[in-house]
Amino acid sequence: MPLKTVLITGASGEIGHGLIDSLARQSDVRVVALDLQPMEGAMAAKCHRVVAGDILDADLIKRLSAEHDFDVIHHLAALLSTKSEREPILAHKVNVEGTMNLLEMAVGQARLQGRDVTFMYPSSIAVYGMPDVPTKKKAGRVSESEWLTPRTMYGTNKLYCELLGTYYAEHYRQLDAEPPRGRVDFRGIRFPGLISAATVPTGGTSDYGPEMLHMAAQGKPYACFVREDARIPFMAMPDGVDALLRLAAAPASKLTRRVYNIGAFAPSAGEILDLTKQAFPGADVTFKPDVKRQGIVDGWPEDVNDDAARNDWGWTPAFGLQRAFSDYLLPAITRRYGK
Ligand code: NAD
Ligand code: AKB
C-alpha cells in the first residue's frame, strides 16, 4: 500500500496530540509534525519526522515542501481566542499570514505534482457573533450561513481563513490561460469547545469546561470565569479528531460545502459542574464571571445545526454529554491524576 504523507502544524497542541495518536494506528500514514513547542518523547516517537519551527518562517515551509510530497495537511497551528484578544497583531500574523503560508505551499505542491492536496482547517464557533444574550437564546442552533459577525480577532481570523481556503480551492489564479493540474481541496470544520482527558487547554475561552473538570480531579479549587447559565456547544476530543479524519476521507463528490458545523452536546457551565460533582463530590468550584470573557462566550451560539455534516459525510458523535463523562473523561482523568 502506498504511504500517505500527512503534515500536521500545531502538532504539539491538544488536537495534534489526539490526531497523532489516531494516525499512528494507520499503517499507511506517516506524520510530519511541525510546532513551535517541542513535542514530548512518546508523541514524537509516533511521527515520521518532528520539526521545531514557526509557520511564519517562509524558508522553513519552502524547505519542508521541497523535502516531502504531502497528501493531506492538517493546519492546526493558531493562537486561540483569549490569547488572540490579548495579542491581536500577533494573532493576525499567526492565524492569517501563517495560514496563507500553508495554503501557498499546498497549492504549489498540488500544481507541481498534478494532484489534489487535501487541506484540513479547524475553524471554530467563534466565527459566529451574537449581539446579546436574548438574541443568542432566540437563535438556538445556528446554521453555517447565519450570524457570521464575529466579535473577536480570533473569530474574524477564522472566518477570513475559511474564505481564503475556499478561494484557493475554487478560484486561485482564475485568469491563468491553462486550468491547473492539481488543486487545494480545502475542507473546514467549525469546532465547538473541545474537552480532552489527556491535555489541558490554554489560551481559549471555552477553557472553563475542561479546566473545571481537570482542577476538580486534582482536588484544586477553581473559579469559573463565566456565569453558571453560560451555554455553548462542547465535544469530547476523540469525536473532534474522528471528525477531522472522516471529513478528510470523504469523497469530494459527496460534499455540498467547504466548511461544516459539527455538534455533540451543549451544556451550561452549571451542568458541567453537576456532572463534575457526581464524580468528584468535593469539587471546590465557584462562579466568578469575568465580564469581558463572559462577553465573548455570550457572542457564541448556544448550539449549532450540523445537518449538512450528518447528511454529506455521515457525521455523528460517539459521545453525548453523559457518555462523554462516564465512558471517556472520568475514567481517563481519574487514571491521569491517580485519584
Ligand atoms: P493548542 O493551543 O493546544 O495548539 C496549538 C499549537 O499551535 C500549539 O502547540 C502551539 O505551539 C502551535 N503554534 C502556535 N503558533 C505557532 C506558530 N507560529 N508556528 C508553529 N506552531 C505554532 O490548540 P488546539 O486546541 O490543539 O487547537 C488546534 C486548532 O484547532 C487551532 O487552529 C484552533 O483554533 C482550532 N480549534 C480548537 C478548539 C478547541 O476547543 N481546542 C475549538 C475550535 C477550533
Ligand atoms: C477557544 O476557546 O478559543 C477555542 C474555540 C472554541 O475555538 N476553544
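First listed ligand is number 1; within each ligand, the first listed atom is number 1.
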So if I count the atoms of ligand 2 from 1 in the order they appear, which ones are less than 4.0 Å from some heavy atom of Gly204? 1 (C), 2 (O), 3 (O)

Under 3.5 Å: donor-acceptor pair, side chain of Gln113, backbone of Asp71: no

For the pair Glu85 and Lys292, find out whether any cationic side-chain nitrogen is under 4.0 Å from an anionic carboxylate oxygen. no

Check whether any heavy atom of Gly193 sits under 4.0 Å from an atom of ligand 1. yes

Report yes if Ile55 has an N/O atom closer than 3.5 Å to an N/O atom of ligand 1; otherwise report no. yes

For ligand 1, which atoms, with element, lie under 4.0 Å from some heavy atom of Gly53? 19 (N), 20 (C)

Checking the side chain of Arg227 only, and the main-chain atoms of Gln294 only, is there a donor and an acceptor separated by less than 3.5 Å? no

What verdict does the side-chain contact (heavy atoms from CB on, under 4.5 Å) test give for Asp54 and Val94, after you've listed the backbone C-alpha separation in whole Å, the side-chain angles of each residue and the deciding distance to 0.1 Å? CA-CA 9 Å; Asp54 191 334; Val94 174; 5.6 Å; no

Return a yes/no value for Glu14: is any of its N or O atoms, backbone included, closer than 3.5 angstrom to an N or O of ligand 1? yes

For ligand 1, indicate whether the residue Lys158 contacts it via side chain, backbone, both or neither (heavy-atom separation under 4.0 Å). side chain

Would you mind checking which non-hydrogen protein atom is closest to atom 2 (O) of ligand 2, with the distance to 0.1 Å? Thr205 N, 2.6 Å

So, do Phe234 and Tyr208 have ring centers that fall under 6.0 Å from each other? yes

Could you tell me the residue and atom name of the protein heavy atom closest to atom 29 (C) of ligand 1, and the distance to it rounded to 0.1 Å? Leu76 O, 3.2 Å

How far is atom 18 (N) of ligand 1 from its nearest protein heavy atom, and which residue and atom is that? Asp54 OD1, 2.8 Å

Atom 4 (O) of ligand 1 [closest protein heavy-atom partner, distance rounded to 0.1 Å]: Gly13 CA, 3.3 Å

Tell me whether Lys4 at atom NZ has more than 12 heavy atoms from other residues, nucleotides or ligands lying less than 6.0 Å away. no

Any donor and acceptor pair, going by atom type alone, linking the side chain of Trp315 with main-chain N or O of Gly263 inside 3.5 Å? yes

Write out the residue and atom name of the closest protein heavy atom to atom 11 (O) of ligand 1, then the distance separating them to 0.1 Å. Asp35 OD1, 2.6 Å

With nothing but distance in play, are any N or O atoms of Leu194 less than 3.5 Å from an N or O of ligand 1? yes

Closest non-hydrogen atom pair between Asn305 and Arg141, with its separation: CA-NH2, 3.7 Å

Distance filter under 4.0 Å to Gln37 heavy atoms, resulting ligand 1 atoms: 11 (O)

Can you name the atoms of ligand 1, numbered from 1 with element, that are less than 4.0 Å from a heavy atom of Ser123? 43 (C), 44 (C)

Check ligand 2 against Trp300 and write out every atom of the ligand that is under 4.0 Å from a heavy-atom position of the residue. 1 (C), 2 (O), 6 (C)

Just to confirm my output: which protein heavy-atom neighbour is closest to atom 1 (C) of ligand 2, and how far is it? Ser81 OG, 3.2 Å

Part of Ala126 with heavy atoms under 4.0 Å of ligand 1, whether side chain, backbone, both or neither: neither

With a 4.0 Å cut-off on heavy atoms, does Pro192 reach ligand 1? yes

Can the ring centroids of Tyr328 and Phe319 be said to lie less than 6.0 angstrom from one another? yes

Among Asp312, Asp307, Asp306, which residue satisfies the side-chain hydrogen bond (donor to acceptor under 3.5 Å, both in side chains) criterion with Tyr260? Asp312

Nearest protein heavy atom with distance in Å, relative to atom 43 (C) of ligand 1: Phe191 CB, 3.3 Å

Gln322/Leu275 under side-chain contact (heavy atoms from CB on, under 4.5 Å): CA gap, chis, key distance, verdict: CA-CA 8 Å; Gln322 295 287 342; Leu275 283 161; 3.7 Å; yes

In terms of residue, atom name and distance, what is the protein heavy atom nearest to atom 13 (N) of ligand 1? Ala77 CB, 4.0 Å

Going by the 4.0 angstrom heavy-atom rule, the piece of Ile15 near ligand 1 is both

With the threshold set at under 4.0 angstrom, would you say Ser196 reaches ligand 1 through any of its heavy atoms? no

Which residue and heavy atom of the protein sit nearest atom 8 (N) of ligand 2, plus the separation: Ser206 OG, 2.8 Å

Please determine if Arg258 and Asp185 form a salt bridge, counting it only when a charged side-chain N lies under 4.0 Å from a carboxylate O. yes

Could you check Met105 against Ile73 for side-chain contact (heavy atoms from CB on, under 4.5 Å), going step by step and ending with a plain yes or no? CA-CA 10 Å; Met105 184 194 80; Ile73 297 169; 3.5 Å; yes

Just by distance, do the side chain of Arg246 and the backbone of Thr316 share a donor-acceptor pair under 3.5 Å? yes

Just to confirm my output: which protein heavy-atom neighbour is closest to atom 23 (O) of ligand 1, and how far is it? Leu80 CD1, 3.5 Å

Applying a strict 4.0 Å limit to heavy atoms, is Thr9 in contact with ligand 1? no

Show me which atoms of ligand 2 lie under 4.0 Å from any heavy atom of Ser124. 5 (C), 6 (C), 7 (O)

For atom 34 (O) of ligand 1, find the nearest protein heavy atom and state the residue, atom name and distance (0.1 Å precision). Tyr154 OH, 2.6 Å

Quick check: does Asp207 get an N/O under 3.5 Å from an N/O on ligand 2? no

Mark yes when over 12 heavy atoms from residues, nucleotides or ligands other than Tyr160 sit less than 6.0 Å from its OH; otherwise mark no. no

Keeping the roles fixed (side chain from Lys136, backbone from Val297), state whether a donor-acceptor pair exists under 3.5 Å. yes

Which residue and heavy atom of the protein sit nearest atom 4 (C) of ligand 2, plus the separation: Leu80 CD2, 3.7 Å

Find all atoms of ligand 1 within a distance of less than 4.0 Å from any non-hydrogen atom belonging to Leu36, and give their numbers and elements. 15 (N), 16 (C), 17 (C), 18 (N), 19 (N), 20 (C), 21 (N), 22 (C)

Between Glu87 and Lys83, does at least one N-O distance fall below 4.0 Å, as a salt bridge requires? yes

